[in-house]
Amino acid sequence: MKRMDGQEERIAAYERCTLCPRACGAARNDGQSGICGVDAELYVARAALHFWEEPCISGSEGSGAVFFSGCSLKCVFCQNYALSRGGRGKRIGIPRLTEIFFELEEQGANNINLVTPDHYIPSIAQAMQDARERGLRIPFVINCSGYETTEQLCSLSGLADIYLMDFKYMDAEKARRYSAAPDYPERAKEALREMLRQAPEPILDAAGKMQRGVIVRHLLMPGMVRNAEAVVDYVYESYGEQVYLSLMQQFTPLPRLAEYPELCRRVSRREYARLVDHALSLGIERAFIQERGTAEESFIPLWNQEGV
Ligand code: SF4
């Protein structure tokens, strides 16, 4: 039997797409958009140094962030709404994506930070492989939602160095209400297991920059401390110090959330303190916590196709 080459595999993957757990079957090669909002082309809204990730990712030099359009999860509270709905991106090919990686490395980026890559993984994996073969030195960061299939993550094995996973829900009802994904907790647990199979121990260089490993982020939402504590409990009880936790409080209530009145406020200081105290009470040491000032809309980047 003849083996498929990379291009044939990509065409097959986008044919009746089942790349993500939505398995919506969109004919992306024919120009049809899936639930993720995009067809089989690559759309990038920004590629620039980014200084607002965790210190071991951004450092003082910045992380080379590539923001992709579209998202298979589409949370109602998304802080990058226009982008996640498939807009603001410029269509590019795989060779241009590979060039972007080198341009970011030349600008001094600590890593290539692929933001919401899930629905493009076959194309992005090709660009990652091409860049490695041509001598790209800095690590690749997969900055994702946790709603990925094990199969797609497996295809990144040997290419991805760092996983920066946003573990959103342990509460299936909240996952249904805000992301139409009641299976999110189970999918996220499977995804995390695969990420840790690929990167079982964190490795930081002498300057404290991560070279390999898994960071699990959790964005605390208003009134959802219990959900957040359940995420922290699960991750720490399952993986202990193999994982760095990042507890975030920057939730920004954007105007379109009127249908979800419970989300129309910021997280209170007391809620965030409860979550941090809970993590400390478990004895967690590998954790990042956030200053209050980061809960500002000014931290949402401009989607102006800079660097694309
Ligand atoms: S990646 Fe997009 S097109 Fe493919 S299954 Fe998921 S939502 Fe559907």
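Counting convention: from 1, in listed order, for ligands and their atoms alike. Bear in mind that the values here come from a model prediction, so they are computed numbers and not experimental data. Both backbone and side-chain heavy atoms feed into the values below; hydrogens, waters and symmetry mates do not.
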Legend entry - Derivation and outcome, salt bridge (charged side-chain N to carboxylate O under 4.0 Å, His left out), residues E103 and R96: CA-CA 10 Å; E103 288 168 9; R96 174 64 193 135; 2.8 Å; yes
Inset, instruction - Take E229 and R226, measure what salt bridge (charged side-chain N to carboxylate O under 4.0 Å, His left out) needs, and give me the verdict at the end. - result: CA-CA 5 Å; E229 288 176 345; R226 270 201 209 147; over 6 Å; no
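Between S123 and Y14, the side chains place a donor N or O and an acceptor N or O closer than 3.5 Å (distance only, hydrogens not considered).
Around atom 4 (Fe) of ligand 1, the protein N, O or S atoms found under 2.8 Å comprise C17 SG.
A salt bridge links D161 with R132: the closest approach of a Lys/Arg side-chain nitrogen to an acidic carboxylate oxygen falls below 4.0 angstrom.
For the pair K189 and Y234, the cation sits on the ring face: its NZ or CZ lies under 6.0 Å from the ring centre, inside 45° of the axis.
Every residue was checked against the side-chain hydrogen bond (donor to acceptor under 3.5 Å, both in side chains) condition with T98, not counting sequence neighbours, and none meets it.
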